[in-house]
Asks: 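Provided herewith is a single structure, encoded as structure tokens, for subsequent inquiry.
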Amino acid sequence: MNIATTMRHNSSAETISPRLAKNVRRNIKERIIELILMLAALSAVFTTFAIVAILLYESFGFFKTVSLLEFFTGREWTPLFEDAHYGILPLVAGTLTTSAVALALAVPVGTIGAIYLSEFASHKTREITKPILELLVGVPTIAFGYFALLFVTPLLQKIYPDLPGFNMLSAGLVMGVMIIPYIASVAEDAMRAVPMSMREGSYAMGATRFQTALRVVTPAATSGIVAAYILAISRAVGETMVVAVAAGQQPNLTFDPTEGAATITAYIVQVAMGDLPHASIGYQSIFAAGLVLFGLTLGFNIIGHVVRKKYREQY
């Protein structure tokens with residue numbers, strides 16, 4: 001009896017053993033894949049922390065010379081002049097003004113485009129229109145900058161004869177055109193993700209297609225639409241070449257879009273292309289400006305996250 005039992009156990013072990021070996025090999029492969037994916041994710045986190053660390057380290061030397069009060073409340077920004085002033089407000093004003101003009105154009109146009117593509121366009125129209133919109137993303141920004149300077153500005157000067165050659169209005173409008181695909185594409189994807197049952201329920205209650213799009217689909221996709229807006233804001237705040245070419249590089253504390261001004265990114269490019277010594281106060285100022293730009297972008301993303309979370313809980 002014991003011999004027979006032992007033989008059965010040996011037979012079962014020989015049968016199960018290859019299967020166990022296969023499972024072990026599969027688990028090892030899965031662990032290796034998980035490790036690779038984790039390292040990829042950590043590399044992005046490490047890069048972000050490295051950028052912040054460099055900005056803080058270089059800015060620390062700048063703020064040894066310039067007080068925080070002067071930096072955040074000063075109304076003049078002339079760090080490269082002999083009579084240097086280090087008030088960041090003119091650059092912040094230029095950045096916010098051009099971004100506001102861009103969003104004033106891109107948000108309504110992009111949202112309307114997303115609603116049309118998601119709810120009204122035929123499949124053929126959508127398949128043709130969406131790739132064409134997304135082609136705008138691939139156009140070099142320097143081309144948009146010269147388009148703003150040589151075409152949009154002369155066109156606006158016919159309407160506003162006193163408009164200077166360098167102004168924030170033309171730069172902002174062209175930036176708005178440039179970021180429309182971001183809003184239209186991401187918002188359209190969010191609307192297409194809304195379950196068809198919600199649309200059918202709305203139609204069953206007697207709502208029209210337009211009413212369903214505005215009162216059912218759009219509120220349900222608010223989280224994704226807000227994400228599209230935040231992406232567009234980040235893109236507008238961080239834009240460099242369009243504002244450098246079309247808005248000018250003269251820091252000017254004004255929120256009037258018909259005037260020229262410099263933005264944070266335009267100043268960074270201006271100094272980074274120069275021959276300033278590495279440890280000079282002028283060179284260190286670009287890191288302080290970059291830190292402010294990082295703070296602006298982070299603030300907008302936090303606000304967007306809060307709004308998305310709020311609407312996700314409601315719907």
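All values reported here derive from a predicted model rather than from experimental measurement.
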Asks: Using a 4.5 Å cut-off on heavy atoms from C-beta on, say whether the side chain of K130 contacts that of S185.
Replies: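 A side-chain contact under 4.5 Å exists here.
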Asks: First locate atom OG1 of T98, then atom CE of M168, and finally report the distance between them rounded to the nearest 0.5 Å.
Replies: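 With rounding to 0.5 Å, OG1 (T98) is 7.5 Å from CE (M168).
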Asks: Verify the neighbour count for atom CZ of F151: are there more than 12 heavy atoms of other residues, nucleotides or ligands below 6.0 Å?
Replies: no
Asks: Kindly indicate whether the side chain of V194, heavy atoms from C-beta on, has any atom under 4.5 Å from the side chain of T218.
Replies: no
Asks: Please report the shortest heavy-atom distance between E119 and R199, naming the atom on each side.
Replies: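 It is OE2-NH2, 2.8 Å.
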Asks: Taking C-beta and beyond as the side chain, do L91 and V292 meet within less than 4.5 Å on heavy atoms?
Replies: no
Asks: With side chains defined as the heavy atoms from C-beta onward, is the minimum distance between S285 and W77 less than 4.5 Å?
Replies: yes
Asks: Hey, does I230 have a side-chain heavy atom less than 4.5 Å from the side chain of I233?
Replies: yes
Asks: With heavy-atom distances below 4.5 Å as the criterion, would you say the side chains of I36 and L39 are in contact?
Replies: no
Asks: Checking T263 against T95 for the side chain to side chain donor-acceptor pair (under 3.5 Å) test, could you report, in this order, the C-alpha distance in whole Å, the side-chain angles of both residues, the deciding distance, and whether it holds?
Replies: CA-CA 5 Å; T263 63; T95 300; 4.6 Å; no
Asks: Does the side chain to side chain donor-acceptor pair (under 3.5 Å) test come out yes or no for T258 and D256, once each step is laid out?
Replies: CA-CA 5 Å; T258 60; D256 184 358; 2.8 Å; yes
Asks: Go through the side-chain N and O atoms of T153 and S170 and say whether any donor and acceptor fall under 3.5 Å apart.
Replies: yes
Asks: Taking side-chain hydrogen bond (donor to acceptor under 3.5 Å, both in side chains) as the definition, give me every residue that meets it alongside S59, ordered by chain and number, with sequence neighbours left out.
Replies: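 Applying side-chain hydrogen bond (donor to acceptor under 3.5 Å, both in side chains) to S59 gives none.
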Asks: Rounded to the nearest 0.5 Å, what separation is found between the CD atom of E58 and the CD1 atom of I54?
Replies: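 Atom-to-atom, E58:CD and I54:CD1 are 8.0 Å apart.
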Asks: I'd like to know if the side chain of T222 reaches the main chain of P219, judged simply by a donor and an acceptor atom lying under 3.5 Å from each other, with no hydrogens or angles considered.
Replies: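 Yes, the answer is positive, given that a donor and an acceptor are paired below the 3.5 Å cut-off.
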Asks: Side chain to side chain donor-acceptor pair (under 3.5 Å) between E259 and N167: does it pass, once the steps are laid out?
Replies: CA-CA 5 Å; E259 296 185 18; N167 62 86; over 6 Å; no
Asks: Give a yes or no on this: more than 12 heavy atoms of other residues, nucleotides or ligands lie within 6.0 Å of atom OH of Y160.
Replies: no
Asks: Rounded at 0.5 Å granularity, tell me how far CD in E70 sits from CZ in R75.
Replies: 14.0 Å
Asks: Between the side chains of E127 and K124, is the shortest nitrogen-to-carboxylate-oxygen separation below 4.0 Å, so that they form an ion pair?
Replies: no
Asks: Is a donor on one side and an acceptor on the other found under 3.5 Å between the side chain of R126 and the backbone of A121?
Replies: yes
Asks: Under the criterion side-chain contact (heavy atoms from CB on, under 4.5 Å), I'd like the reasoning laid out for V109 against I183: C-alpha separation, chi angles, the key distance, then a yes or no.
Replies: CA-CA 9 Å; V109 175; I183 296 178; over 6 Å; no
Asks: In this structure, are over 12 heavy atoms from other groups packed under 6.0 Å from Y146 atom OH?
Replies: no
Asks: Can you tell me how far the CD1 atom of I286 sits from the CG atom of L291, to the nearest 0.5 Å?
Replies: 12.5 Å
Asks: Grouping I, L, V, M, F, W and Y whenever their side-chain heavy atoms are under 4.5 Å apart, do V245 and I264 come out in a common cluster?
Replies: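 Unlinked, V245 and I264 end up in two clusters.
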Asks: Is it the case that one hydrophobic cluster holds both M175 and L155, taking links as side-chain heavy atoms less than 4.5 Å apart, direct or via other members?
Replies: yes
Asks: Can you name the closest pair of heavy atoms from V174 and F144 and give their distance?
Replies: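 Scanning both residues completely, I find the closest heavy atoms to be CG1-O, 3.5 Å.
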Asks: Can you sort out the partners of T125 under side-chain hydrogen bond (donor to acceptor under 3.5 Å, both in side chains), two or more places apart, ordered by chain and number?
Replies: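 T125 satisfies side-chain hydrogen bond (donor to acceptor under 3.5 Å, both in side chains) with S122 once adjacent residues are dropped.
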Asks: Test side-chain contact (heavy atoms from CB on, under 4.5 Å) on L156 and L163 and set out the steps.
Replies: CA-CA 7 Å; L156 291 174; L163 189 71; 3.5 Å; yes
Asks: Any idea which heavy atoms bring A262 and P251 closest together, and the distance?
Replies: CB-N, 3.8 Å
Asks: Just by distance, do the side chain of S67 and the backbone of F63 share a donor-acceptor pair under 3.5 Å?
Replies: no
Asks: Using side-chain contact (heavy atoms from CB on, under 4.5 Å), reason through R209 and Y203 one step at a time and then give a plain yes or no.
Replies: CA-CA 8 Å; R209 203 172 182 180; Y203 297 148; 3.8 Å; yes
Asks: Taking all non-hydrogen atoms of both residues into account, name the closest pair between E188 and A114 and its distance.
Replies: N-CB, 3.6 Å
Asks: Are L89 and F72 connected in a single hydrophobic cluster, I mean Ile/Leu/Val/Met/Phe/Trp/Tyr linked by side-chain heavy atoms less than 4.5 Å apart?
Replies: no
Asks: Ignoring hydrogens and geometry, is there a side-chain-to-backbone donor-acceptor pair from S202 to M198 under 3.5 Å?
Replies: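 No; zero donor-acceptor contacts below 3.5 Å.
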Asks: Hey, quick one: are I302 and L296 part of the same hydrophobic cluster, counting side-chain heavy atoms closer than 4.5 Å, chains of contacts allowed?
Replies: yes
Asks: Could you tell me whether a side-chain N or O of T97 sits under 3.5 Å from a main-chain N or O of P257, the two making a donor and an acceptor?
Replies: no
Asks: So which atom in A93 and which in T254 form the shortest heavy-atom distance, rounded to 0.1 Å?
Replies: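 It is CB-O, 3.7 Å.
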Asks: Among the clusters formed by ILVMFWY side chains lying less than 4.5 Å apart, do V139 and L173 turn up in the same one?
Replies: yes
Asks: For F62, which of Y86, Y283, F287 qualifies under ring-ring contact (aromatic ring centres under 6.0 Å, His included)?
Replies: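 Of Y86, Y283, F287, ring-ring contact (aromatic ring centres under 6.0 Å, His included) with F62 is met by Y86 alone.
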Asks: Measuring from atom CZ of F147 to atom CE of M178, what distance do you get when rounded to the nearest 0.5 angstrom?
Replies: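 Nearest 0.5 Å value for the CZ-CE distance: 12.5 Å.
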Asks: Would you check, one step at a time, whether the test side-chain contact (heavy atoms from CB on, under 4.5 Å) holds for V243 with T265?
Replies: CA-CA 8 Å; V243 291; T265 53; 4.0 Å; yes
Asks: For L117 and L133, which heavy atoms make the closest approach, and how far apart are they?
Replies: CD1-CD1, 4.1 Å
Asks: Quick one, M191 and I225 - any side-chain contact, counting heavy atoms below 4.5 Å?
Replies: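 M191 vs I225: side chains touch.
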Asks: Which is it for T111 and Y229 under the side chain to side chain donor-acceptor pair (under 3.5 Å) test, yes or no, and what are the steps along the way?
Replies: CA-CA 9 Å; T111 305; Y229 293 164; 2.6 Å; yes
Asks: Just wondering, do T240 and T141 contact through their side chains at under 4.5 Å, heavy atoms?
Replies: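 Of all side-chain heavy-atom pairs linking T240 with T141, none is under 4.5 Å.
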Asks: Would you give the length of the straight line joining atom NZ of K29 to atom CD1 of I32, rounded to the nearest 0.5 angstrom?
Replies: 9.0 Å
Asks: Return yes if some donor-acceptor pair links the side-chain N/O of Q157 with the main-chain N/O of I159 below 3.5 Å, else return no.
Replies: no
